Novice: 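After the structure tokens below, expect a handful of questions from me.
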Amino acid sequence: MSSFEGMEIPRITVRQVATRLAGGQEVIFLDARSEEDWQRAALQIPGSLRAPPDRLERLPAMPDDPVVVAYCT
């Protein structure tokens with residue numbers, strides 16, 4: 001687990017994400033790369049929400065109780 005301002009944030013593996021997707025569970029991907037890193041990247045996950053940390057004031061609106069997978073490289 002990671003910590004974010006006192007909150008415990010569980011980690012999820014690629015296999016766990018794949019299992020949830022195969023089971024029909026909604027998974028929201030939150031792309032937390034800086035604008036510069038995002039522009040240089042060869043790939044982005046289609047449909048992911050952009051939340052660059054250097055320009056983030058608040059998270060985009062999300063459905064109740066989603067599985068949110070934040071990633072950066």
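Keep in mind that what you see is a predicted model, and the values were worked out from it rather than measured. If you read the sequence from its start, that first residue is 1, and numbering goes on from there.
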Novice: With sequence neighbours excluded, tell me which residues meet side chain to side chain donor-acceptor pair (under 3.5 Å) with R15.
Specialist: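 With neighbours one apart ignored, the set is empty.
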Novice: Report the C-alpha distance between I12 and V69 in whole Å, list the side-chain angles of each, state the deciding distance to 0.1 Å, and finish with yes or no for side-chain contact (heavy atoms from CB on, under 4.5 Å).
Specialist: CA-CA 8 Å; I12 189 168; V69 177; 4.1 Å; yes
Novice: Rounded at 0.5 Å granularity, tell me how far CG in D31 sits from CG in D37.
Specialist: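 D31 atom CG to D37 atom CG measures 9.5 Å (nearest 0.5 Å).
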Novice: Using the side chain to side chain donor-acceptor pair (under 3.5 Å) criterion, which residues pair with Q16? Sequence neighbours excluded.
Specialist: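 With sequence neighbours excluded, Q16 shows a side chain to side chain donor-acceptor pair (under 3.5 Å) to T13, given in chain and number order.
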Novice: Pair R33, Q44 - check side-chain contact (heavy atoms from CB on, under 4.5 Å), show working.
Specialist: CA-CA 10 Å; R33 293 179 285 185; Q44 291 86 25; 3.6 Å; yes
